[in-house]
There are 2 protein chains.
Amino acid sequence: MLTIKRLAEYVGVTVRAVRHYHQTGLLPEPERDSSGYRRYDAQAIVDLIRIKTMAEAGTPLPRIQELMTADPAHFAEAVAEIDAALERQIDELRQRRTRLADLVGGDRLFLPAEIADYLQQLRELGVSERGVRMERDGWIMLTANYPDTALEWIALKREQLADPAFREFYLTYDRAYDWRPDDPRLDALADVMAERLRQEARATGVETARMTIQETVSKDEQALLATHVSEYSPAWIRLNELLRQRVSA
Amino acid sequence: MLTIKRLAEYVGVTVRAVRHYHQTGLLPEPERDSSGYRRYDAQAIVDLIRIKTMAEAGTPLPRIQELMTADPAHFAEAVAEIDAALERQIDELRQRRTRLADLVGGDRLFLPAEIADYLQQLRELGVSERGVRMERDGWIMLTANYPDTALEWIALKREQLADPAFREFYLTYDRAYDWRPDDPRLDALADVMAERLRQEARATGVETARMTIQETVSKDEQALLATHVSEYSPAWIRLNELLRQRVSA
DNA sequence: TCGAAGGTTGACGCTGGGTCAAGGTCCAGC
DNA sequence: GCTGGACCTTGACCCAGCGTCAACCTTCGA
């Protein structure tokens, strides 16, 4: 006959757990000796090991209680289910490991692969961290609100980025952030931007698919840009003014 | 800008969880709009996904909070730790699957392999379920109290079981359980048992190793047998009497 | 204009025990 | 025979990480 501590130690659970199982009726209370101590027999060991094994496998205690009195066929069936659940858990843990890997370094956790690739291209191009982060945040919001549209649009952006002239322009625009608002280069940049806008307008006039996208997005784009207007530098604000002059003209 | 539900849905957590993170300070409370609704930006999505990823990997929320403001080097180190923990969890789940398999059919979960094998041999020999269970319970208690001794003793038992004459005797003894106490076959059985005891006494007189084991165990054996005396049948009680007559003689 | 859907705070509930507190018992060594 | 330390008893509160009401306010599409 065993005391509660010997039982718990042999099976590998805590004394508190055993008492908890008694309280909930999962493990029957054993006889007491003359001093009121619980005295356990071999069946208690068998029961407790079964309980422990199933509990460790994630089975809720009430479910274990059901199974302790189930016939062998039902029991085997339930164990098979528990085993399948364990297998699923293992698969999930594996997936979590891969996602965890994306935590350190990379936007792959927050964005579809295409967009994360695009951001990576920007970095490799030499775009500032600030610039990349503004892009990233914009794409995140866009993806959260219109995932399909975001994917269509990113395809266009990556096409653009294949053009060396556009890359040149993008870099300049990125650097202009830190210029002084009276920097004369801003005028030249505004010229380039206006020309690009005009070309794009002609292109979208022809290609209806792109037109649709532009229309769908334009409202949100406004909203997205507005989100970050507070982060605009004096140079960019000035650039906006210059641009508006040229476009409205 | 997102409402709490859109945020939660996009990231894949519940609204309640987001609010919980706000309460504990894990995720900063965002600005409210004019009606008091929370409005989330892209950074909230990034933060929440990081939180979710680490939380799913089993990281306690306070620990996550520490890591959210940690520098990249410390963060990467911590993520490596979390990943290692995940790996250990996967290994443990695998082990639990194997132990779970022993739950259905078999005593391997409760007893060392040698003893489980011995019980299996008894079953194959044709010993009654009751008999096997009495043996099992005895071995469990013995193993719980004196694991080393149990292993030494089981070796002897398995040797005995290799002897066809002993197997024959064991089976008869097992079946005698259900005989009537005045069954004349009990006398013959008592003769055989007495003879066996005498032989064993001579053997243990020679082999000191076995002697030691017998001595060590004898007290506990008494206790163990006493445990199950209540389960003795009338025939077995009678057999005990007959045996005592012959041995004391 | 109205009802459904979504937002707000606040409070209690749940699992599976951990961790005191305040005693009563057992046993080994002196 | 006594004492100290390990063990037993019940009872109570505490924890994470949310789930789940309740009671009320706001927004939005038909």
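Within every chain, numbering begins at 1; the chains are lettered A, B, ... in the order of the sequence lines, protein sequences first and strands thereafter.
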Of the options [options], whose atoms approach the side-chain atoms of [X] most closely?
X	options	answer
B/Arg32	C/dT9, C/dG17, D/dC8	C/dT9
B/Pro62	D/dG17, D/dT9, C/dG16	D/dG17
B/His20	C/dG17, D/dG17, C/dT8	D/dG17
A/Tyr37	D/dC8, C/dA11, D/dT10	D/dC8

* Asked: NA contact type, A/Thr3, heavy-atom cut-off 4.0 Å: base, sugar-phosphate, or nothing?
  -> sugar-phosphate
In this structure, how many angstroms lie between the [atom2] atom of [N] and the [atom1] atom of [X], rounded?
X	N	atom1	atom2	result
A/His22	D/dT9	NE2	C1'	12 Å
B/Leu26	D/dG17	CG	C1'	11 Å
B/Leu2	D/dT27	CG	P	17 Å
A/Lys5	D/dC8	NZ	C1'	11 Å
A/Gln23	D/dT9	CD	C1'	12 Å
B/Met54	D/dA16	CE	C1'	17 Å
B/Ile4	C/dA5	CD1	C1'	15 Å
B/Glu56	D/dA16	CD	P	20 Å

* Would you call A/Arg158-A/Glu114 a salt bridge at under 4.0 Å N-O? -> no
Any side-chain N or O of [X] under 4.0 Å from OP1/OP2 of [N]?
X	N	value
A/Arg6	D/dA6	no
A/Thr24	C/dG16	no
B/Tyr21	D/dG17	no

* Upstream residue (5' side of DNA chain D) when B/Arg39 and A/Arg16 are each assigned their closest nucleotide ->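 Result: A/Arg16.
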* Asked: Taking the nucleotide of DNA chain D with the closest heavy atom to each, which residue, B/Ser35 or B/Ala55, is nearer the 5' end?
  -> B/Ala55
* **Reported CZ-to-CD distance for the pair A/Arg63 and A/Glu81, which is rounded to 0.5 angstrom** =>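 Result: 6.0 Å between the selected atoms.
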* Asked: More 5' along DNA chain C: A/Asp33 or B/Glu9, using each one's nearest nucleotide?
  ->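 Mapping each residue to its closest nucleotide by heavy atoms, the 5'-most match is B/Glu9.
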* How do A/Ala17 and B/Arg19 order along DNA chain C: which one's closest nucleotide is nearer the 5' end? -> B/Arg19
* Between A/Arg136 and B/Gln43, is any side-chain donor less than 3.5 angstrom from a side-chain acceptor? ->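 A donor-acceptor contact under 3.5 Å links the two side chains.
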* Asked: Between A/Arg108 and A/Gln120, does any side-chain donor sit less than 3.5 Å from a side-chain acceptor?
  -> no
Using atom types as modelled, flag every donor-acceptor pair under 3.5 Å from a side chain in residues 48-56 of chain B to any protein atom, sequence neighbours excluded.
from    : atom 1 : to      : atom 2 : distance (Å)
B/Lys52 : NZ     : B/Val11 : O      : 3.2
B/Thr53 : OG1    : B/Ile49 : O      : 2.6
B/Glu56 : OE1    : A/Arg99 : NH1    : 3.3

